[in-house]
Amino acid sequence: MKLLKLLSVVGARPNFMKIAPLIRAFRKYPQVNHFLVHTGQHYDSNMSDVFFRELDIPCPEINLEVKSGSHAIQTARIMEGLEPILLHEKPDLVIVVGDVNSTMAAAIVAKKLCIPVAHVEAGLRSFDSRMPEEINRKLTDAISDFLFTPSPDADENLLKEGVNKKNIFQVGNCMIDTLFFELKKLEKKKQPIDFSEPLSLEGRGQGEGDPHRYAVLTLHRPSNVDNPKVFKNLLETFGKISKKIPIQFPIHPRTMERMKHFGLSTAKDITLLDPLSYVDFLKLYKNAAFVITDSGGIQEETTVLQIPCITLRENTERPITVTHGTNHLVGINQKKILKTVDTILKNKTRKTTKICHWDGKTAERIAKILVEKLGGSKRGERE
Ligand code: UD1
């Protein structure tokens with residue numbers, strides 16, 4: 001049996017829930033020696049450590065502690081820190097997940113050292129190159145050897161960009177593996193998935209006895225929080241929504257920083273919370289009437305749990321959540337947002353179609369493919 005050394009790189013909050021099921025899946029293969037590097041792109045305890053503890057991710061072998069900086073600085077620090085590690089560890093493969101700066105930086109370093117790269121969550125495109133994540137996605141996919149995609153649209157995008165069909169594997173969604181896994185754990189503990197009591201939320205705008213008496217909000221995209229006019233207009237919109245239904249707002253550190261910097265504030269029926277752990281956030285949004293967000297992953301999680309999601313973006317790299325799911329892509333127009341809220345509050349029964357391979361077994365599929373392919377093919381070679 002050929003021994004395989006697989007090195008994964010994570011850095012920011014949305015990476016952690018994608019790597020957790022993969023590490024679990026690799027444990028089933030005695031020939032796999034897995035090595036984890038944390039770039040330290042996210043470093044606050046509630047943006048990083050808590051996810052490692054809760055999702056049972058082993059302590060990273062190395063933390064590069066790059067922390068925050070401009071895109072160029074952050075990317076350069078990751079590249080500089082990772083190169084000597086890869087030279088020393090000589091892994092058979094580097095695995096990157098998602099679309100953050102750590103993803104792209106790690107892929108470039110590995111590929112330039114002729115180490116094959118696997119990209120988990122490949123092929124997603126918003127077709128909006130003003131989004132730093134879109135640049136990260138395109139560059140990572142352009143040099144990856146294994147492109148693990150979550151949905152047919154992702155395959156189509158990659159094929160159009162000239163990626164060899166043999167390198168594309170539609171395996172589903174690792175983030176949904178974590179969602180199902182953690183939901184099961186909660187059910188086993190018989191922990192009621194209901195945040196409405198502890199948060200003592202008062203019902204508004206909904207029928208009496210309805211458990212869905214609050215909305216959840218997340219916001220962190222530079223396009224929404226870096227421009228004071230846009231941010232102010234959004235906060236005003238949230239204020240209007242909070243008069244219909246109270247809002248719980250776990251606030252990202254960058255959003256909090258921008259809000260203070262611009263001298264802005266939230267309405268009184270919006271409860272600001274520190275960033276929540278994975279499980280606490282799951283408990284919170286699981287019972288929400290709807291979620292308002294500009295996140296990528298939340299569009300997918302709400303689709304699977306059939307919770308209406310209002311996405312404050314003009315485009316999405318996850319169109320399947322609109323065509324098959326609960327996602328309303330509304331942008332930042334106040335009228336449009338308020339109209340969508342009213343529609344959701346009136347009509348709570350929207351059902352979603354099951355999405356192929358979003359079944360909790362994606363990581364197992366990825367592990368199987370990697371072990372089979374790397375066991376047989378020559379190092380650094382594309383199929
Ligand atoms: C990053 C990802 C984004 C992802 C998001 C999830 C990129 C380009 N962006 O955005 O795709 O959706 O993570 O959270 O990779 N900060 C802290 N503590 C932390 C981390 C960040 O206070 O632990 C603050 C700092 O002020 C920092 C700012 O957040 O400057 C931005 O952090 P950064 O990692 O650059 O990007 P995010 O906005 O978190």
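In this chain, residues are counted from 1 in sequence order. In listed order, ligands and their atoms are each counted from 1.
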Query raised in the report: Side-chain donor-acceptor pair under 3.5 Å between Asp128 and Asn315, yes or no?
Result: yes
Query raised in the report: At a 4.0 Å threshold, what atoms of ligand 1 neighbour a non-hydrogen atom of His220?
Result: 4 (C), 5 (C), 6 (C), 12 (O)
Query raised in the report: When you look for heavy atoms under 4.0 Å from ligand 1, do you find them on the side chain of Met47, its backbone, both, or neither?
Result: side chain
Query - Arg24 to Phe26 six-membered ring, cation-pi geometry met (6.0 Å, 45°) - result: no
Report summary line: For atom 2 (C) of ligand 1, the closest protein heavy atom turns out to be Val100 CG1, 3.7 Å
Query raised in the report: Under 3.5 Å between some N or O of ligand 1 and some N or O of Asn136?
Result: no
Report task. Give the residue and atom name of whichever protein heavy atom lies nearest to atom 18 (N) of ligand 1, and the separation in Å to one decimal. Result -> Asp44 OD2, 2.8 Å
**Report entry** Per-residue contact class, Pro14 against ligand 1 - non-hydrogen pairs under 4.0 Å
**Finding:** side chain
Query raised in the report: Are any of the protein's heavy atoms under 4.0 angstrom from atom 30 (O) of ligand 1, yes or no?
Result: yes
Query raised in the report: Identify the closest protein heavy atom to atom 3 (C) of ligand 1: which residue and atom is it, and at what distance?
Result: Glu133 OE2, 3.2 Å
Query raised in the report: Any heavy atom of His252 sitting closer than 4.0 Å to ligand 1?
Result: yes
Query raised in the report: Please state which protein non-hydrogen atom is closest to atom 8 (C) of ligand 1 and give its distance, to 0.1 Å?
Result: Asn101 OD1, 3.2 Å
**Report entry** Pair Thr218-Tyr285, side-chain donor/acceptor within less than 3.5 Å
**Finding:** no
**Report entry** Mutual orientation of the aromatic rings belonging to His252 and His220 [parallel < 30°, tilted 30-60°, perpendicular > 60°]
**Finding:** parallel
Report task. Please state which part of His42 comes within less than 4.0 Å of ligand 1, counting heavy atoms only: side chain, backbone, both or neither. Result -> both
Requested in this report: Evaluate whether atom CD of Glu80 has more than 12 neighbouring non-hydrogen atoms of other residues, nucleotides or ligands under 6.0 angstrom away.
Outcome: no
Query raised in the report: Does Asp145 pair with Lys111 as a salt bridge, N-O distance under 4.0 Å?
Result: yes
Query raised in the report: Do the two ring centres, one from Phe16 and one from His38, sit under 6.0 Å apart?
Result: yes
Please report, to 0.1 Å, the donor-acceptor pairs under 3.5 Å made by any side chain of residues 5-14, with sequence neighbours excluded.
{"from": "Lys5", "atom 1": "NZ", "to": "Glu89", "atom 2": "O", "distance (Å)": "3.4"}
{"from": "Lys5", "atom 1": "NZ", "to": "Glu89", "atom 2": "OE1", "distance (Å)": "2.5"}
{"from": "Ser8", "atom 1": "OG", "to": "His34", "atom 2": "NE2", "distance (Å)": "2.7"}

Report task. Report the part of Gln74 in contact with ligand 1, treating N, CA, C, O as backbone and CB onward as side chain, heavy atoms under 4.0 Å; options are side chain, backbone, both, neither. Result -> side chain
Requested in this report: Please write down residue, atom name and distance for the protein heavy atom closest to atom 7 (C) of ligand 1.
Outcome: Gln41 NE2, 3.6 Å
Query raised in the report: When Asn327 is tested against each of Thr303, Thr302, Thr311 for side-chain hydrogen bond (donor to acceptor under 3.5 Å, both in side chains), which residue passes?
Result: Thr311
Query raised in the report: Any donor-acceptor pair under 3.5 Å linking the side chain of Glu121 with the backbone of Val97?
Result: no
Report summary line: atom 38 (O) of ligand 1 has as its nearest protein heavy atom Arg254 NE, 2.7 Å
Query raised in the report: Of the protein's non-hydrogen atoms, which lies at the shortest distance from atom 16 (N) of ligand 1, and what is that distance?
Result: Tyr43 OH, 3.6 Å
Query raised in the report: Looking only at N/O atoms, are His71 and ligand 1 under 3.5 Å apart anywhere?
Result: no
Requested in this report: Could you tell me the residue and atom name of the protein heavy atom closest to atom 25 (C) of ligand 1, and the distance to it rounded to 0.1 Å?
Outcome: Ser68 OG, 3.5 Å
Query raised in the report: Are Asp153 and Ile320 close enough, and set up right, to give a side chain to side chain contact (heavy atoms under 4.5 Å, CB included), and what steps lead you there?
Result: CA-CA 8 Å; Asp153 54 285; Ile320 201 160; 4.1 Å; yes
